[in-house]
Structures are given as C-alpha cells and as structure tokens.
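Computed from heavy atoms alone, side chains included, the values below leave out hydrogens, waters and symmetry copies. Quantities reported herein were computed from a predicted structural model and do not represent experimental measurements.
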Amino acid sequence: SYDQSRNSSCLLVLFDHGYCPVGLFCAATTTLIVAHKWKVNTGGLQFRNKINFYCTYSEISYNVIFSAFPTHYEICLMGKLVPKVKYMIYKDIDAVFAKVCEDMKYPPPSYGFYCPCANPQYQHPAKCTSQEMICCYSDTPSCLEVEHKQWFSEVVSQEQIKVVLSPPIGLKVDSVNSTSIS
C-alpha cells in the first residue's frame, strides 16, 4: 500500500512562489494521458488530488501515483523499477511541465525530494542541485542518494563512481512526444 511518509524517493515538483498554480494539476494530468499515452489505473483509488496511472516502457507497465498538495506535486513509483525507467518517467513529467507551464504562462518548476532533516510527521521539500538537495526552510544541504540520482540520469553506477546528471531545475525538453526506452 502507498504511504507518503515512508517514500523518501518520490520526485517532487516545486514552484518558486511556494504553491502550486491553479489548474496545473488538471492540465498536466490531461497531457500525460493524451500526449504521453499514460493510462489511468481504474483498479486504483482516484481522488481529485491523486491519480493512479499506468505508464508503459519497453512493453512493461509501471504504476505511478501523481498527487497534488498545496505546496508541491508528488510523483511516486510503486514496485521495483530499473533506474532507466525512473529516468524515462522523469523525462515525460519534465516535458509535460515544460509545455504546460509555457502554455499557461507560469515559470518552469524545479525538482526535489522530501527533506531528510524532517520529522516523518511533518515532511517538507528540499530542492535539488546537481549533486545535493537543499532544505527549503533551513538551507541545510544533504547528499543525493543513488535512489534520487536515478531520476535524473540513465547512467548511475552501483559504486557511485560516476554519476551523470541532467540539470534537474528548469530543464527544457524539445518534444512532448512519448519517450521510449531503446
């Protein structure tokens, strides 16, 4: 079962002004369904602020929960995933937000994770830079773990010797077509 307080590797979509723009969740959800061919998981619970999706890469479906909170959006992947799939889901999400924010005249979002300094009863976001995450309240830096870095890169060695990161903040993607794994 899904428990937000235990899933520190959920990708967070953050906005500079500290709240989610009105209408963006609906627009992003619609774009994921239409342009990226994500399917709504009709067997899962659906709420006005939480959609349970199936997205398919290399003919395998993955369960993705997309939730809206007043201060951020949360993308959580259920089950065991290979790092390349996390990256492909991130690319789809980033393409959607780049397009929708541009269309709605909002600044592009940044990305982050739940801050490791937080009490599990009160989780808050930490924004990502290329090698660390910074607490939104105390500006305290924390190292990105491999499970976090996998969102932004196709290449993450198990020994953490070489990590290739795409810039997570404000990344623009040229196309909003569905991404596939080769």
Side-chain angles (χ1 to χ4, degrees), residues 1-22 24-25 28-29 32 38 41 44-53 55 62-98 100-101 106-154 156 158 160 163-171:
S1 101
Y2 170 73
D3 183 356
Q4 169 198 344
S5 66
R6 292 193 187 123
N7 200 339
S8 64
S9 68
C10 292
L11 181 66
L12 305 181
V13 181
L14 308 168
F15 299 90
D16 286 339
H17 39 73
Y19 63 90
C20 297
V22 175
L24 195 58
F25 182 72
T29 299
L32 285 169
W38 285 26
N41 177 0
L45 294 175
Q46 309 299 334
F47 300 96
R48 66 185 173 141
N49 69 329
K50 181 163 75 172
I51 307 282
N52 193 338
F53 283 110
C55 56
Y62 297 93
N63 193 13
V64 179
I65 297 175
F66 181 35
S67 303
F69 297 94
T71 60
H72 62 278
Y73 297 132
E74 175 187 84
I75 294 95
C76 290
L77 310 177
M78 307 310 291
K80 185 123 174 107
L81 293 167
V82 295
K84 194 169 189 176
V85 171
K86 272 186 165 179
Y87 177 69
M88 299 314 295
I89 291 171
Y90 161 73
K91 295 295 276 182
D92 273 0
I93 293 291
D94 191 58
V96 164
F97 277 104
V100 171
C101 285
Y106 291 123
S110 57
Y111 297 94
F113 301 97
Y114 285 113
C115 188
C117 76
N119 176 335
Q121 297 296 321
Y122 178 69
Q123 291 185 323
H124 62 273
K127 284 187 180 180
C128 289
T129 65
S130 62
Q131 294 295 323
E132 64 187 3
M133 56 182 137
I134 309 290
C135 177
C136 289
Y137 294 113
S138 68
D139 290 330
T140 306
S142 300
C143 292
L144 288 173
E145 302 294 328
V146 171
E147 67 184 10
H148 301 129
K149 292 176 183 178
Q150 290 170 346
W151 280 102
F152 306 122
S153 175
E154 291 183 88
V156 179
Q158 295 299 351
Q160 298 183 7
V163 178
V164 181
L165 291 175
S166 299
I169 299 173
L171 178 69

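Residues Y111 and L14 have side chains not in contact (no heavy-atom distance under 4.5 Å, counting atoms from C-beta outward). The shortest side-chain heavy-atom distance between I134 and P141 falls under the 4.5 Å cut-off. At a threshold of 4.5 Å between non-hydrogen side-chain atoms, the residues H124 and C135 count as touching. Between S67 and C76 there is no side-chain heavy-atom pair separated by less than 4.5 Å.
Summarising the geometry of E147 relative to S9, their closest heavy-atom pair is CD-CB, 3.7 Å, with the distance given to 0.1 Å. Considering all non-hydrogen atoms of both residues, S142 and E132 come closest at O-CB, 3.1 Å. The shortest heavy-atom contact between C10 and Y114 is CB-CE1, 4.5 Å. Residue R48 comes nearest to F25 through the heavy atom pair O-CE2, 3.5 Å, listed as atom of the first residue, atom of the second, then distance.
Rounded to the nearest 0.5 angstrom, M78 CE and I65 CD1 are separated by 4.5 Å. The CD1 atom of I51 sits 5.0 Å away from the OG1 atom of T29 when rounded to the nearest 0.5 Å. Rounding to the nearest 0.5 Å gives a distance of 6.5 Å between CE of M133 and CD of E145. The CG atom of L32 sits 4.5 Å away from the CD1 atom of I93 when rounded to the nearest 0.5 Å.
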*Evaluate side chain to side chain contact (heavy atoms under 4.5 Å, CB included) for F69 paired with L12, printing each intermediate quantity in order.*
CA-CA 10 Å; F69 297 94; L12 305 181; over 6 Å; no

*Could you walk me through whether C128 and W151 pass the side chain to side chain contact (heavy atoms under 4.5 Å, CB included) check?*
CA-CA 11 Å; C128 289; W151 280 102; over 6 Å; no

_Under the criterion side chain to side chain contact (heavy atoms under 4.5 Å, CB included), I'd like the reasoning laid out for F97 against L24: C-alpha separation, chi angles, the key distance, then a yes or no._
CA-CA 8 Å; F97 277 104; L24 195 58; 4.0 Å; yes

*Show your reasoning for whether side chain to side chain contact (heavy atoms under 4.5 Å, CB included) applies to F53 and N63.*
CA-CA 6 Å; F53 283 110; N63 193 13; 5.8 Å; no

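Side-chain N or O atoms of Q150 include none that pairs as donor or acceptor with a backbone N or O of Y87 at under 3.5 Å.
Take D16 and apply the side chain to side chain contact (heavy atoms under 4.5 Å, CB included) test, not counting sequence neighbours, and it matches K127. A search for side chain to side chain contact (heavy atoms under 4.5 Å, CB included) contacts involving C55 returns W38, Y57, Y62, V64, I89, not counting sequence neighbours.
Using cut-offs of 30° and 60° for the angle between ring planes, the H17 and F15 rings count as parallel. Relative orientation of the Y90 and F152 rings is perpendicular, given thresholds of 30° and 60° on the angle between their planes.
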